[in-house]
Amino acid sequence: MRDINLKIALLVVLFVVSFHGNASAIEFKDIPAVGLAFLTNLSMHETGHYIIANQSGAEGNTLNFFTRDRNSFFLGLSTVTKIDDRAKPSYHFAGEVAAGYTFEFALRRFRENDTTYNHALLFFSMTDFLWYTTYAFYVAPYKNDKFDPIGIVNTTGISRDKIFLVALTHTSLNAIRAYTGQDRFIPFYMLDRHFIGFGVKVPF
């Protein structure tokens, strides 16, 4: 229990310090822009699953939003009726790769123009995998295998703690980029139909 509480505390601290200035001060007039940014990132995440499923020749490829499956609620849910076993890790991971691309776009826009929408999209895309792993592994009352992080565990054999560490590292490095305005270390995910990976680039 103490280990779980520590991870949740780390997530909360990261949320608080991810942005400088008045990033946490959300005014009523900002709510539509924040909501639109949230939906943008959610849509991009689910589109990532849909594209990989199509590329892999999956059958019954569908998308649903704000839906329930068994005892779990999903903001977005991509499902297939049949997919090649070799493509399953990529399928489960594709949403995070899409969120990574969304973050790079949002970071560039944020540096050009710090609007509420750009700021919120940066935040949601940056923390996408971290909050998802935290929720799926340590908070959700039911461990639904349709949660992406649990799907990754089941299809790759990688432990939950290692996946959480990757999510925490990726988010932390991107938070440093957002806070400092410098790209000294650039984390990225790699994916094709039969491969997933994580790396860090060091520009010279």
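Start at 1 with the first residue, then count along the sequence.
The distance from the CG atom of L168 to the CG atom of L173 is 9.0 Å, given to the nearest 0.5 Å. A distance of 9.0 Å separates CZ in F105 from OG1 in T40, rounded to the nearest 0.5 Å. Distance check: S56 OG to K88 NZ gives 11.5 Å after rounding to the nearest 0.5 Å. Here the CD1 atom belonging to I83 is positioned 8.0 Å from the CG atom belonging to N61, to the nearest 0.5 angstrom.
For F38, the ring pair (Phe, Tyr, Trp, His ring centres under 6.0 Å) partners at least two apart in sequence or on another chain are F124. Residues satisfying the side-chain contact (heavy atoms from CB on, under 4.5 Å) criterion with L165, sequence neighbours excluded, are T169. Taking T102 as the reference, N41, M44, L121, S125 meet the side-chain contact (heavy atoms from CB on, under 4.5 Å) condition, with sequence neighbours excluded. In this structure R109 satisfies the side-chain hydrogen bond (donor to acceptor under 3.5 Å, both in side chains) test with no other residue, sequence neighbours excluded. Evaluation of the side-chain contact (heavy atoms from CB on, under 4.5 Å) rule for D69 yields F74, L77, N144, K146 as partners, not counting sequence neighbours. Here R108 pairs with nothing under the salt bridge (Lys or Arg N to Asp or Glu O under 4.0 Å) rule; sequence neighbours left out. Not counting sequence neighbours, the partners of K29 by the salt bridge (Lys or Arg N to Asp or Glu O under 4.0 Å) test are E27. Annotation: ring pair (Phe, Tyr, Trp, His ring centres under 6.0 Å) contacts of Y135 (sequence neighbours excluded): F147. Among residues two or more places apart in sequence or in another chain, the ring pair (Phe, Tyr, Trp, His ring centres under 6.0 Å) test is passed with F93 by F129, Y189. Applying the ring pair (Phe, Tyr, Trp, His ring centres under 6.0 Å) criterion to H49, with sequence neighbours excluded, gives H45, Y91. Applying the side-chain contact (heavy atoms from CB on, under 4.5 Å) rule to D183 yields the partners L107, R111, R177, I186; only residues at least two apart in sequence or on another chain are considered.
Hydrophobic clustering (ILVMFWY, side-chain heavy atoms < 4.5 Å, transitive): Y101 and L191 are in one cluster. Under the 4.5 Å side-chain heavy-atom criterion for grouping Ile, Leu, Val, Met, Phe, Trp and Tyr, V34 is connected to F110 within one hydrophobic cluster.
Atom NZ of K143 has more than 12 heavy atoms from other residues, nucleotides or ligands within 6.0 Å. When the shell of 6.0 Å around CZ of F65 is examined, it contains more than 12 heavy atoms from other residues, nucleotides or ligands.
Using a 4.5 Å heavy-atom cutoff, the side chains of I150 and F137 are in contact. Between S78 and T47 there is no side-chain heavy-atom pair separated by less than 4.5 Å. In this structure the side chain of L75 reaches within 4.5 angstrom of the side chain of F66, judged on heavy atoms. You'll find the side chain of F103 reaches within 4.5 Å of the side chain of L122, heavy atoms only.
In this structure a side-chain-to-backbone donor-acceptor pair under 3.5 Å is present from Y132 to D148.
Looking at every heavy atom in both residues, I163 comes nearest to I152 through CD1-CG2, 3.6 Å. Summarising the geometry of V153 relative to R160, their closest heavy-atom pair is CG2-CG, 3.9 Å, with the distance given to 0.1 Å. Between L130 and T133, the closest heavy-atom pair is O-OG1, 3.0 Å. Shortest non-hydrogen contact noted between A94 and G48 is CB-O, 3.2 Å. Minimum heavy-atom separation, P89 to R86: CD-O, 3.7 Å.
The side-chain hydrogen bond (donor to acceptor under 3.5 Å, both in side chains) test with N118 singles out one residue from T115, D114, T116, and that residue is T115.
Annotation: salt bridge (Lys or Arg N to Asp or Glu O under 4.0 Å) contacts involving residues 92-103, sequence neighbours excluded, are absent.
Side-chain polar atoms of T62 and T79 form a donor-acceptor pair below 3.5 angstrom.
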